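Notes to accompany the following structure.
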Amino acid sequence: QVQLVESGGGLVQAGGSLRLSCAASGRIFRLNAMGWYRQAPGKQRELVASITSDSKVNYADSVKGDSVKGRFTISRDNAKNTVYLQMNSLKPEDTAVYYCNFRIGEGLRAVEYWGQGTQVTVSS
């Protein structure tokens, strides 16, 4: 019923920036959380960043950087059912397929939707 369409991936050099977008094609009710995950070759899928319905944000340690304000920033536009991931100071280790995730509802009745993935490649 709900499809997530991702865009913004590509090939960049180390230190460059990309902005990923993920929009739901269908109407969503009771959206609980939105997030970005990534999966590099030979590695498990991992959480990059997430934002809950009450605006709580969580970032993976790998994207936080040395300061509280890290390299990546997650944001949302509720009116458009869209989540964004601004990625700055990209590193080769950021290379992965990035997947957006929407979670609707809570508890045992919660449903998750995943995007098809968008490739991010960071060259040395």
Side-chain angles (χ1 to χ4, degrees):
Q1 181 178 355
V2 176
Q3 290 186 329
L4 306 182
V5 181
E6 301 169 345
S7 62
L11 174 63
V12 298
Q13 292 184 329
S17 299
L18 286 173
R19 191 191 191 207
L20 306 182
S21 300
C22 178
S25 61
R27 295 181 180 180
I28 298 178
F29 301 92
R30 297 192 300 116
L31 180 61
N32 181 260
M34 311 164 80
W36 288 95
Y37 293 72
R38 67 185 180 186
Q39 187 168 19
K43 299 182 65 178
Q44 294 182 332
R45 185 174 299 185
E46 64 176 355
L47 173 70
V48 178
S50 64
I51 182 168
T52 64
S53 59
D54 57 351
S55 299
K56 292 183 178 180
V57 177
N58 183 53
Y59 294 99
D61 291 339
S62 60
V63 303
K64 288 182 178 179
D66 295 331
S67 63
V68 176
K69 186 176 179 62
R71 300 182 297 119
F72 291 12
T73 302
I74 188 171
S75 62
R76 66 185 181 188
D77 187 333
N78 291 336
K80 298 180 179 180
N81 286 332
T82 301
V83 62
Y84 305 93
L85 185 67
Q86 179 66 47
M87 305 186 294
N88 299 323
S89 301
L90 284 164
K91 304 175 181 180
E93 49 262 45
D94 295 320
T95 296
V97 177
Y98 285 70
Y99 301 89
C100 65
N101 170 270
F102 284 26
R103 187 167 74 250
I104 288 80
E106 295 182 359
L108 297 177
R109 296 182 179 180
V111 178
E112 290 189 343
Y113 297 92
W114 292 90
Q116 80 286 354
T118 183
Q119 178 70 47
V120 172
T121 302
V122 184
S123 62
S124 301

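Computation of the quantities below employed the complete heavy-atom set of this structure, encompassing side-chain atoms and omitting hydrogens, waters and symmetry-equivalent molecules. Quantities reported herein were computed from a predicted structural model and do not represent experimental measurements.
- Under the 4.5 Å side-chain heavy-atom criterion for grouping Ile, Leu, Val, Met, Phe, Trp and Tyr, Trp114 is connected to Val97 within one hydrophobic cluster.
- Heavy atoms of other residues, nucleotides or ligands lying less than 6.0 angstrom from CD of Gln44 number 12 at most.
- Heavy-atom neighbours of Gln3 CD from other residues, nucleotides or ligands within 6.0 Å: at or below the threshold of 12.
- Hydrophobic clustering keeps Ile51 apart from Tyr37 (ILVMFWY residues linked when any side-chain heavy atoms are closer than 4.5 Å, directly or through intermediates).
- In this structure, Val57 is a member of the same hydrophobic cluster as Val48, with clusters built from ILVMFWY side-chain heavy atoms closer than 4.5 Å.
- Note: Gln116 CD to Ser7 OG = 8.5 Å, rounded to the nearest 0.5 Å.
- Residues Asn81 and Ile28 come closest through the heavy atom pair ND2-N, 3.9 Å.
- The closest donor-acceptor contact from the side chain of Gln13 to the backbone of Ser123 lies at 3.5 Å or more, if one exists at all.
- With hydrophobic clusters built from ILVMFWY side chains whose heavy atoms lie under 4.5 angstrom apart, Trp36 shares a cluster with Phe72.
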>> Could you walk me through whether Arg103 and Thr52 satisfy the side chain to side chain donor-acceptor pair (under 3.5 Å) test, starting with their C-alpha distance in whole Å, then the side-chain angles of each, then the deciding distance to 0.1 Å, before giving a yes or no?
In response: CA-CA 9 Å; Arg103 187 167 74 250; Thr52 64; over 6 Å; no
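- Considering OH of Tyr113 and OG of Ser25, their distance stands at 10.5 Å, rounded to 0.5 Å.
- For the side-chain hydrogen bond (donor to acceptor under 3.5 Å, both in side chains) test with Tyr98, the passing option among Gln39, Gln119, Arg38 is Arg38; the others fail.
- For the pair Val2 and Ala24, the tightest heavy-atom approach, listed with the atom from each and the gap, is CG1-CB, 4.2 Å.
- Closest approach of Pro92 to Ser124, counting heavy atoms only: CG-OG, 3.7 Å.
- Counting only N and O atoms by type, the side chains of Arg30 and Ser53 include no donor and acceptor under 3.5 Å apart.
- Side-chain contact between Met87 and Asp94 is absent, with no heavy-atom pair separated by less than 4.5 Å.
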>> Run the side chain to side chain contact (heavy atoms under 4.5 Å, CB included) test on Phe102 and Val111 for me, step by step, so that the C-alpha distance in whole Å, both residues' side-chain angles and the decisive distance to 0.1 Å come before the verdict.
In response: CA-CA 8 Å; Phe102 284 26; Val111 178; over 6 Å; no
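- Of the possible donor and acceptor atoms, none in the side chain of Glu106 sits under 3.5 Å from a partner among the backbone N and O of Asn32.
- No side-chain heavy atom of Thr73 sits under 4.5 Å from any side-chain heavy atom of Tyr84.
- In this structure, Ile74 is a member of the same hydrophobic cluster as Leu90, with clusters built from ILVMFWY side-chain heavy atoms closer than 4.5 Å.
- Taking each heavy atom of Tyr99 and Gly115 in turn, the nearest pair found is CD2-O, 3.6 Å.
- Going from atom CG of Asn101 over to atom CE of Met34 covers 9.5 Å, rounded to the nearest 0.5 Å.
- By the 4.5 Å heavy-atom criterion applied to side chains, Phe29 and Ile104 are not counted as neighbours.
- Closest approach of Leu18 and Gly8 over heavy atoms only: CD2-O, 3.6 Å.
- In this structure a side-chain-to-backbone donor-acceptor pair under 3.5 Å is present from Arg71 to Ser62.
- Atom OG of Ser21 is separated from atom CG of Asp77 by 10.5 Å, given to the nearest 0.5 angstrom.
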> Under the side chain to side chain contact (heavy atoms under 4.5 Å, CB included) criterion, do Gln86 and Ser17 qualify, and how do the steps go?
Replying inline: CA-CA 8 Å; Gln86 179 66 47; Ser17 299; 4.1 Å; yes
